[in-house]
Amino acid sequence: IELDEQPADREVASARERLLAALRDAARVYFQGFLKSPDAQLARDYVAARGLSAASVKRFAVGYSAPGWEDTLSELRAKGHTMETLEGAGLILPSKRGGYYDRFRNRLMFPIVSHVGKVIGFGARQLVDEPGQPKYLNSPETAIYAKGSVLYGLYHAKQAIRQQEEALLVEGYMDVIACSQHGVDHVVAASGTALTAQQVQLLGRYAKTVVLLFDADQAGQAAARKSIDIVLQGGLTPMIVTLPEGEDPDSLLRTHGSEAFREMLRDRRQDFITYFVAAEKASLERDDPTVRATVQNTCLNHIARIDDPLVREAYVRKLGNLLGATDTMLFEVLSGIIRKQSKVAPPARRPSPSPRTTVPPPIGQAGSREDRSMVDDYWMPSGSLDEAPWAPHVEEITQPLASEKLLLRLVLLGGMSMAEFVLGRVSLDVFTAGPLRSAMQIVLTQYEQGLFSETTFVQEARERGLFPLYAEVMVPQHE
């Protein structure tokens, strides 16, 4: 089967690959700088003071950006990257006097990685106070990085999230690393933004429940309240754990250890009804009718985001029991809210949970289930490092099922819309290890780049030796 190539598609794919290569090399430069540069001593001291182990630094490729205006730029230029590519990747900025300079200077660097293991951006923490400079500086949005669609740590956490069917959402990069270091593996953070619907949709591939673990201060609780609505709209179940005053996950883990931390997550979690009622406990005990009405309206507005009528009913009855309100009245108000909301926009629906027909690696055995053909593109820095600790889990390769080949065929015929439908409902791990899963990995990667079509798939399938599978899958169409 011969298909014409589309030059425009190849050019876009090539540009994206150049951006990814530049970001991967930047992660290596930053990581090596952290390990070896005398200028990075302050960064090393900070990491040591926060209790991060060498294994955690390596696992998350924590790095250091040199203080000079063109230090990183020069290293990346020496590796063959063009100014256009480096600017497109968000690594450099144009100078008013002409030329370019490094966006990140003298900062602790956290590579932001897609859930398939590609470096797509960076978060950078200030090490020395500089007037007019933000404490945290993130990569700008680029052709490959949309901060509202990425979750920091998901690449490492997705197996544990799938296994536990819940994700722990924290506020910062260091919180994610600290949790992971202490064996709490199902943890992610929003990437430089408040939680978004796209991030919840991404979590929906792996989890049914999202545990919100935010600071007890006003800003943390405001973020938790906003996140509840986003999680409910995405069809997942929010649970809220409020940290003790002045604590964060990192400090709790270092002070009390992982077992006490897990107990806190288990014992202090609340559903959103209990959370809102508890937040106004003092006013409700004074029998303040205004506060009581406010709590009822707040809870009912959140309940209205839930699609399943049985789940809605359960929450309404719980609200009535806690506040001593009649179910009839609450259901009447809820119906009015739902009618009002339906005039604005239809409720968001969550994709069906991914089937879990394969057993993921045990917690503590870090490993990616992606196909081994991706190893060369893994984001982890090379050089002084041994094999990345999440090197792919080797599985026995068996013949793909007829239903799997049919699904691949439907995706190839349906294009982007069918790929979105399938990838939102079926985990990559479900597919038989070997050529079939490799083919679906191509679909996933191209879909995320916005480039998926039968033509672009065939181009990459040829390069990876998967064209015989393509021919086998598509032959029934031409019989």
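Please read these numbers as outputs of a predicted model, since none were measured by experiment.
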### Message
Any donor-acceptor pair under 3.5 Å linking the side-chain atoms of Tyr470 with those of Glu454?
### Response
yes
### Message
Could you check whether Gln441 and Thr445, counting side-chain N and O atoms only, form a donor-acceptor pair closer than 3.5 Å?
### Response
yes
### Query
Do Arg18 and Ser14 come close enough that some side-chain heavy atom pair is under 4.5 Å?
yes
### Tyr30/Phe122 aromatic ring centres below 6.0 Å
yes
### Query
Going by atom types alone, do His115 and Arg205 pair a side-chain donor with an acceptor below 3.5 Å?
yes
### Flag side-chain contact, heavy atom, 4.5 Å: Glu166 against Lys208
no
#### Entry: Validation row, ring centre His156 to ring centre Phe60 under 6.0 Å
yes
### Task
Evaluate the side-chain proximity of Tyr46 to Leu127: yes if any heavy-atom separation is below 4.5 Å, no if none is.
yes
### Query
Is there side-chain contact between Ile442 and Arg464, with at least one heavy-atom pair below 4.5 Å?
yes
### Message
For Phe452 together with Tyr447, are the ring centres under 6.0 Å from each other?
### Response
no
### Query
Using a distance-only test with no angle check, is there a side-chain donor-acceptor pair under 3.5 angstrom linking Glu70 and Ser74?
no
### Task
Report yes or no: is the cationic atom of Arg162 (NZ for Lys, CZ for Arg) under 6.0 Å from the centre of the six-membered ring of Tyr206, at an angle within 45° of the ring normal?
no
#### Entry: Polar contact flag, side-chain donor to acceptor under 3.5 angstrom, Gln221-Asp217
no
### Query
Judged by modelled atom types alone, do Gln181 and Ser56 share a side-chain donor-acceptor pair under 3.5 Å?
yes
